[in-house]
Structures are given as structure tokens and as C-alpha cells.
Number of protein chains: 2
Amino acid sequence: MYVKRRQFHFSRNRLMTGARADVGTEWGDRLGIRKSTLEEVAAAAGVSKMTVSRALRGAPDVSPETRQRVLKATEQLGYVGNQLALSLSSQRTNLVAVVVPSMSNIVFPEVLAGISTGLEGSGMQAVFGLSDYDTRKERDVIRDMLSWRPSAIIVTGLDQPEDTVKMLKSAEIPIIQIMDLDGTPIDFNVGLSHGKAGEEMARALIAAGRKRFGYIGSVLERDLRAAKRKAGFERVLLEHRLTFIGQRLGDTLSSVGLGKYLTHELLRAEPNLDCIYYSNDDMAVGGAFAGMEASRTDDILMAGFNGLELAAALPVRIATSKSPRRMIGEVAARLARGSMVTDAPSNGKITAFVPEIIGIA
Amino acid sequence: MYVKRRQFHFSRNRLMTGARADVGTEWGDRLGIRKSTLEEVAAAAGVSKMTVSRALRGAPDVSPETRQRVLKATEQLGYVGNQLALSLSSQRTNLVAVVVPSMSNIVFPEVLAGISTGLEGSGMQAVFGLSDYDTRKERDVIRDMLSWRPSAIIVTGLDQPEDTVKMLKSAEIPIIQIMDLDGTPIDFNVGLSHGKAGEEMARALIAAGRKRFGYIGSVLERDLRAAKRKAGFERVLLEHRLTFIGQRLGDTLSSVGLGKYLTHELLRAEPNLDCIYYSNDDMAVGGAFAGMEASRTDDILMAGFNGLELAAALPVRIATSKSPRRMIGEVAARLARGSMVTDAPSNGKITAFVPEIIGIA
DNA sequence: CTTGTTACCGATACCGGTATCGATAACACA
DNA sequence: TGTGTTATCGATACCGGTATCGGTAACAAG
């Protein structure tokens with residue numbers, strides 16, 4: 001299948017003549033810049049590859065002149081370095097594996113952006129995978145990730161099935177579970193309590209005089225955090241002898257369009273609601289649109305979750321809890337960075353955020 | 001700094017006793033599941049590691065019984081495999097490097113999602129990096145990526161500076177430039193002509209009777225594709241002896257809030273516009289909100305670009321060009337997959353999409 | 001019984017780096 | 001002059017896999 005390889009064994013003599021001698025495929029330009037090896041750079045600089053390795057990494061025991069020669073050769077050959085060999089040899093990677101459920105909700109990209117900035121300057125790379133809210137797929141993705149021997153792994157949520165947890169533990173690297181706090185973390189945990197977020201939102205809305213609540217969400221079996229928010233909300237409703245008068249659950253992932261559609265439906269069925277709690281801001285924005293179309297913006301308040309930039313720009317006000325998504329990513333990244341220097345992760349460390357509720361008063 | 005390694009040399013005898021014997025750190029559970037090597041699996045199965053390698057990869061010359069023994073040992077030890085060693089040894093990776101400018105605009109996450117699904121089942125992994133619309137940063141990110149010897153690289157746009165292009169070429173892997181088509185591709189090219197997109201939008205709006213145009217965008221020096229759309233739009237305006245009556249350019253990245261703010265400003269300065277072209281849908285949605293607040297939704301049409309789901313759900317109609325973002329990602333991924341089997345990328349292959357204009361008629 | 005074939009498996013040499021130890025030369029010091 | 005010391009560098013053995021080639025046993029054919 002794969003054609004012969006290793007048929008060119010560069011002899012030392014050959015190398016001594018300079019690696020520029022015989023390059024010239026379709027790709028290689030005449031600068032001779034191509035993926036070269038330490039060995040080639042060494043030959044060009046007239047030293048051993050060990051010395052090149054040292055020079056490039058800034059090791060102390062290399063004379064200034066040698067270092068210069070090596071640097072020049074590196075430049076000329078366009079040497080890039082090989083993380084595969086480096087990582088295999090040194091037994092440590094600069095990889096951070098990240099698994100998120102989805103990319104179509106802006107929340108996770110923002111977390112990734114946070115991770116990216118949090119990793120900046122550390123020389124570490126994020127490798128990401130999507131689970132599509134599917135635990136089986138998540139397990140497979142995690143397995144693939146682990147085969148790269150990342151130095152840390154960031155996963156979304158606390159509700160991984162047992163075999164996934166076992167696999168994670170067996171990797172013997174820091175495991176950073178993000179977003180959710182309601183559950184038992186394996187190792188590090190960065191996020192917020194969605195149960196509490198739901199509770200607080202309910203309390204705030206009730207305090208603001210809302211009495212007749214509806215709920216709109218999408219597939220809660222998959223978005224467990226939305227389900228936790230709803231459960232928290234309902235707990236507080238119950239405390240006040242209240243309940244959701246009506247609710248609608250979609251069967252696709254949350255979106256503005258879905259929120260709008262379900263809101264129209266719910267408003268028709270229950271015209272006397274004075275507040276609707278949504279599974280998140282996308283849905284709530286859709287709700288706001290529906291409210292505008294139905295001219296119900298004055299007597300009914302839509303409440304979501306996340307604090308999207310979009311929600312703040314809306315012509316009508318909606319309530320929401322601002323989740324520190326970027327921040328969660330950055331903190332997770334910092335924890336991952338730590339993994340490069342400390343061998344002993346302080347087991348069970350938790351970073352808890354409290355979302356700020358806005359748009360009510 | 002890093003403490004001693006390689007101090008444990010498992011003797012063959014030691015291994016023969018079973019790798020479960022001496023595990024028991026804080027992390028290892030009593031199942032003995034931990035990162036083990038082919039050698040260990042081989043010892044447990046009583047064969048050579050070469051045989052294990054063959055068995056695990058489904059090579060033909062392994063007897064069924066041996067395969068079973070190996071599989072059992074693999075299972076028991078929770079062997080995961082080491083992509084680092086695999087890739088280094090076999091001289092090919094299953095990595096696809098992806099560089100996008102930003103994560104805060106939903107467009108790029110959607111491209112990534114497309115790439116992810118396009119890669120599904122191929123055993124390939126996407127490694128992504130952010131350039132923040134900064135060419136220097138882009139170059140550094142690309143260099144980091146290349147050091148992992150990916151089997152393909154996907155970069156955004158066609159306007160990389162010369163040194164970046166040189167670096168890309170020297171990697172001798174398929175280079176897939178996405179999103180933009182206006183320029184000279186290095187190798188593969190998947191996207192759409194933003195110049196034409198701007199032209200077509202202008203033509204459609206003029207055909208629909210719009211006459212008094214304004215423009216609202218953000219930092220166009222960074223978002224080159226938005227600049228190309230604007231240029232295309234202006235070309236057609238000129239053909240019709242028209243011009244932008246007024247325009248506003250923000251100095252931050254595009255967002256709904258920014259679009260709303262600038263629209264309010266522009267509407268104050270130029271109250272008699274009947275159409276505003278925006279750098280993208282986020283801005284246009286903000287414009288729509290401003291229009292609603294100013295009660296100008298009947299006499300002025302906002303036009304954006306992307307065809308976001310959000311735009312379709314809006315209570316007022318806005319015009320937009322639907323860009324096939326997911327599709328672009330999927331096609332790019334397919335091209336990247338191809339790279340694993342064919343050594344000779346068909347140089348210069350271009351996949352062109354034509355965005356559909358909606359929301360005008 | 002000798003000789004091919006075939007099926008199966010192991011030994012060995014890599015892949016491109018790093019860690020470790022040892023060697024050499026220059027220089028200081030007694 | 002003999003002996004440490006220090007600075008600088010190379011040789012060698014890995015890391016954990018895969019590619020390649022060769023070897024052995026079983027069985028068929030001559």
C-alpha cells in the first residue's frame with residue numbers, strides 16, 4: 001500500500017556536502033528549505049546533532065561561536081523541529097486535549113478562545129475534539145486524544161460514564177472538568193453550579209414580582225447543564241408554592257429559531273404567563289423575537305442563561321445569568337500549564353464562579 | 001528540573017509476571033490500567049511486540065489464537081497506543097492542522113465543526129490554532145503546527161505574507177486555503193469569491209430599487225474578506241453611478257452591539273438612506289435592532305453577509321448572502337483526508353461556492 | 001525423503017529527537 | 001611539572017512504535 005520508504009540513507013559524507021545539494025522536487029524551492037533533521041543541521045554546522053539540540057534549546061554548555069554557526073545552519077535549512085521525536089524522546093508533550101460537546105453554540109468556541117489565550121506563551125498546543133453531546137462519541141474522542149499522550153486534558157461537564165472516567169484516570173495526567181460544578185470532580189474542576197444558577201434566577205425573578213412562569217428548552221437529556229438549571233429553578237418555584245404553568249421542549253439543539261417557534265406556541269397555549277425561563281440565551285433571544293412579534297414585550301419577561309453579547313444589544317430587555325466562559329477557559333488553561341512543571345496535581349481543586357444576573361431590575 | 005526518568009527498566013522476567021504486579025500509585029487503580037507499552041502487552045500475551053503490533057493493526061499474518069491472546073492482554077492492560085511513536089516510526093501523522101483567525105465569530109467555529117464531521121471516521125485529528133487576525137501570530141502558530149508534522153494544513157484566506165507561504169510550502173504537505181477565493185492559492189482552495197459576493201449583493205439591492213446606500217463595518221485592515229466584499233459592492237455602485245452616501249467603521253471586532261451603535265450614529269447623520277450594507281450579519285443584526293429602536297424598519301433595508309441562523313429568526317427581514325461555512329469545512333476535511341492515501345496533491349484544485357442571496361424580494 | 005510453499009512470528013534497524021556519561025582541551029593552581 | 005577544574009562537545013542508549021527481512025514449522029508435491 002504505502003510505497004517504499006527509507007530508501008535514501010544519507011551517509012555522513014553526503015551530508016557534509018550540504019543538504020542543499022539534492023533538493024528539488026515539485027515542492028522544494030531552490031532555497032533548499034524543506035523539512036530537515038537535526039542530523040542535517042549538525043552536518044551543515046560541522047558539529048554533532050547533540051550540540052545542535054543543545055544550541056537550539058539554549059543549553060548553557062555551547063560556545064557562542066558554535067551557537068552562531070548552528071543558528072545560521074538552522075536558518076539556511078529552514079529547520080523546523082519535530083515535536084513527535086521531541087515528545088517521544090523527552091516523555092512529555094506540550095499538548096492539551098480539549099473535548100467539548102458542540103461548536104454550534106457560541107459558548108464553547110468562547111471557552112476554546114479562552115483556553116487558547118490562556119495557553120499563549122506557554123508553548124502548549126490545544127487539540128480539540130467534539131463529542132456532539134454523545135457520551136459514546138466522547139469516550140472515543142478521549143481515547144484518540146490520550147493516544148497523543150497530552151500533558152493534560154480538559155473535558156466538559158462532570159457526568160462522564162464510568163468507563164470514560166476510568167480511561168481518564170489511567171492516563172495519569174491532570175484532568176480538568178469544566179463548565180459544571182454539580183457533581184464529583186475527578187481532579188480539577190472549573191465552572192459554576194448550574195443548579196444554583198437556576199435557583200438564583202428563579203429567586204431574582206420572583207423577587208421582581210413575576211408569578212406565572214413558563215419553561216422553554218430543547219433536548220435536556222443531552223444538555224445536562226440546562227437540565228440542572230431547570231431543576232434548580234423548579235426547586236425555588238416549589239419553595240414558593242409555584243410551578244411551571246406551561247412548558248415546551250424542542251427535539252433539536254437549541255437555537256434562536258427554535259426558541260422563537262416554541263415561544264409562539266407556548267404563548268398561544270398559555271397567554272397569561274408573565275415570565276418564561278429558557279434553557280439558554282439563544283432560546284431566550286428567540287423568545288424575545290416572538291414576544292416582539294406578538295407585542296407581548298411589556299407584560300412578559302424572558303430569562304435565559306449565558307449573558308451573550310447579543311442579548312445585551314437586543315431592543316428589548318431579557319434577563320440572563322452571565323457565565324464567565326472565557327474565564328473558565330483561561331483558568332483551565334492555566335491549570336493545564338501547571339501540569340508541565342508540577343508532577344503532583346493537587347487532587348480535587350475546584351474553581352467556582354458565580355454568574356451575575358442581569359436584565360431584571 | 002525534571003526528576004529522574006528511565007530508572008525503571010522492566011526486565012523481561014519482571015514483565016512476564018504480569019504488569020499488574022506493581023501498580024498502585026495514587027492514580028493507578030487496582031485494575032492495573034495504566035499507560036502501558038506494546039512491549040508489556042507482548043510480554044503478557046507471550047509473544048513479541050512485533051506480533052502485538054500486527055495483531056492490533058489487523059495484519060494478515062497473525063494466527064487467530066494469537067490474535068485473541070493479544071486482544072485479551074490489550075484489554076486487561078488497558079493499552080492505549082502511542083501516536084507519537086506510531087507517527088514517528090511510520091513517518092505519517094493523522095493530524096490536520098487548522099488555523100482560523102478568531103473564535104468569537106460563530107462562522108469559524110462552524111467551519112471547525114464542518115472539518116470535524118468531515119474528518120469523522122478517518123481516524124484523523126484536528127489541531128487548531130488562532131491567529132487573531134494577526135499575520136505574525138499566524139506565522140508563529142503555523143510554525144508550531146508544522147512541528148507536529150501534520151499530514152495536511154488548513155489555513156484561512158489567501159493573503160498570507162511571503163515568509164508564511166514559504167514555510168507552508170516547505171512542509172511538503174497539502175495546503176488547503178479556505179473561505180476566500182480572490183487571490184492565488186498555494187495548493188488547494190475552498191471557498192467563495194467575496195468580491196463577487198459583494199457585487200451580487202449590490203446588484204440585487206439595486207435591482208430591488210434601493211438607491212441611497214450606506215456602509216457599516218469594523219476593522220477592515222484585519223478582516224480582509226469583508227474588505228473585499230465592500231470593494232465588490234462599491235464596484236457595482238460605481239457602475240450605476242452610485243456611491244456610499246455615508247459610512248461608519250468601528251475600531252473593534254465586529255459584533256451585534258457595534259453594528260447597533262454605528263447604525264444609530266449613521267442614521268442620525270444620514271437619515272435618508274434606504275439601505276445599509278454591513279461587513280457581516282452580526283453587524284447587520286445590530287443594525288436591524290437599531291432600525292427597530294428608531295422605527296426605521298419599513299423604509300430601510302439592512303444587508304449583511306453569512307446567512308446566520310439568527311438572521312433568519314429576526315422579527316424584521318434583513319438581506320444576507322448565505323455562506324456555506326460548514327460545507328467549506330467538510331470539503332477541506334475531505335481534501336485533508338485524501339492526503340493520507342495520495343502522495344501527489346493535484347496542485348491548484350479549487351472548490352468554488354456561490355452564496356445565495358436571501359431576504360430581498 | 002527431499003524440496004518448495006505457506007503461515008506465522010521474531011530480530012533488527014530505524015524514525016528524530018533527548019538524557020547521560022565520558023572525553024578532550026585549556027587553563028589555574030600548587 | 002603534575003593535578004584539578006571548567007567549558008565544550010561527542011558517543012551511546014534510549015522513547016515506543018513500524019518496516020523489512022529472515023527463520024521455523026507444517027504441510028504439499030515430486
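Quick note on labels: first sequence line is chain A, next is B, and so on, each numbered from 1. Hydrogens, waters and symmetry mates are skipped; everything else that's a heavy atom, side chains included, is used.
Proximity note for A/Met50 (side chain, C-beta onward) versus D/dG10, C/dG10, D/dG16: the nearest is D/dG10. Among D/dC9, D/dA11, C/dG17, the nucleotide with an atom closest to any side-chain atom of A/Thr51 is D/dC9. Distance from the side chain of B/Arg54 is smallest to C/dG10 among D/dG17, C/dT18, C/dG10. For A/Ala85, whose side chain is taken as the heavy atoms from C-beta onward, the closest listed nucleotide among C/dA19, C/dG16, D/dA19 is C/dG16. Which of D/dC9, D/dT18, C/dT18 sits closest to the side chain of A/Ser63 comes down to D/dC9. Between C/dG16, D/dG16, C/dT18, one nucleotide has an atom nearer to the side chain of A/Asn82 than all others, and that is C/dG16. Of the candidate nucleotides D/dC9, D/dT20, C/dT18, C/dT18 has the atom nearest to the side chain of A/Ser89. For B/Lys49, the side-chain atoms get nearest to D/dG17 when compared with the rest of D/dG17, D/dC15, D/dG10. The side chain of A/Val62 lies closest to D/dC9, out of D/dC9, C/dT18, C/dG17.
Taking atom CD of residue A/Glu65 and atom C1' of nucleotide C/dA26, one finds them 14 Å apart after rounding to whole Å. Atom CD of A/Gln91 and atom C1' of D/dC14 are 9 Å apart (whole Å). The nearest whole Å value for the distance from the CD atom in A/Glu39 to the C1' atom in C/dA13 is 15 Å. Look at CG on B/Leu88: it is 10 Å from C1' on D/dT18, rounded to the nearest Å. Atom CZ in B/Arg67 sits roughly 9 Å away from atom P in C/dC9 (whole-Å rounding). The distance from atom OH of B/Tyr79 to atom C1' of D/dG16 is 7 Å, rounded to the nearest whole Å. Summarising the geometry, the separation between CZ on A/Arg69 and P on D/dC9 is reported as 8 Å, rounded to the nearest angstrom.
Residue order along DNA chain D, read from the 5' end via each residue's closest nucleotide, puts A/Thr66 first among A/Thr66 and A/Arg149.
In summary, the side chains of B/Gln125 and B/Gln83 do not present any donor paired with an acceptor at a separation below 3.5 Å, with no hydrogens or angles considered.
Judged purely by atom type and a 3.5 angstrom limit, A/Ser87 has no side-chain atom pairing as donor or acceptor with the backbone of A/Leu84. For A/Thr93 (side chain) and A/Arg149 (main-chain N/O), a donor-acceptor pair under 3.5 Å exists by modelled atom type. Between the B/Arg143 side chain and the B/Met167 main chain, no donor and acceptor come within less than 3.5 Å of each other. A donor-acceptor pair under 3.5 Å links the side-chain atoms of B/Arg69 to the main chain of B/Ala45, judged by distance alone.
Note on A/Asp61: a base of the nucleic acid sits closer than 4.0 angstrom, heavy atoms only.
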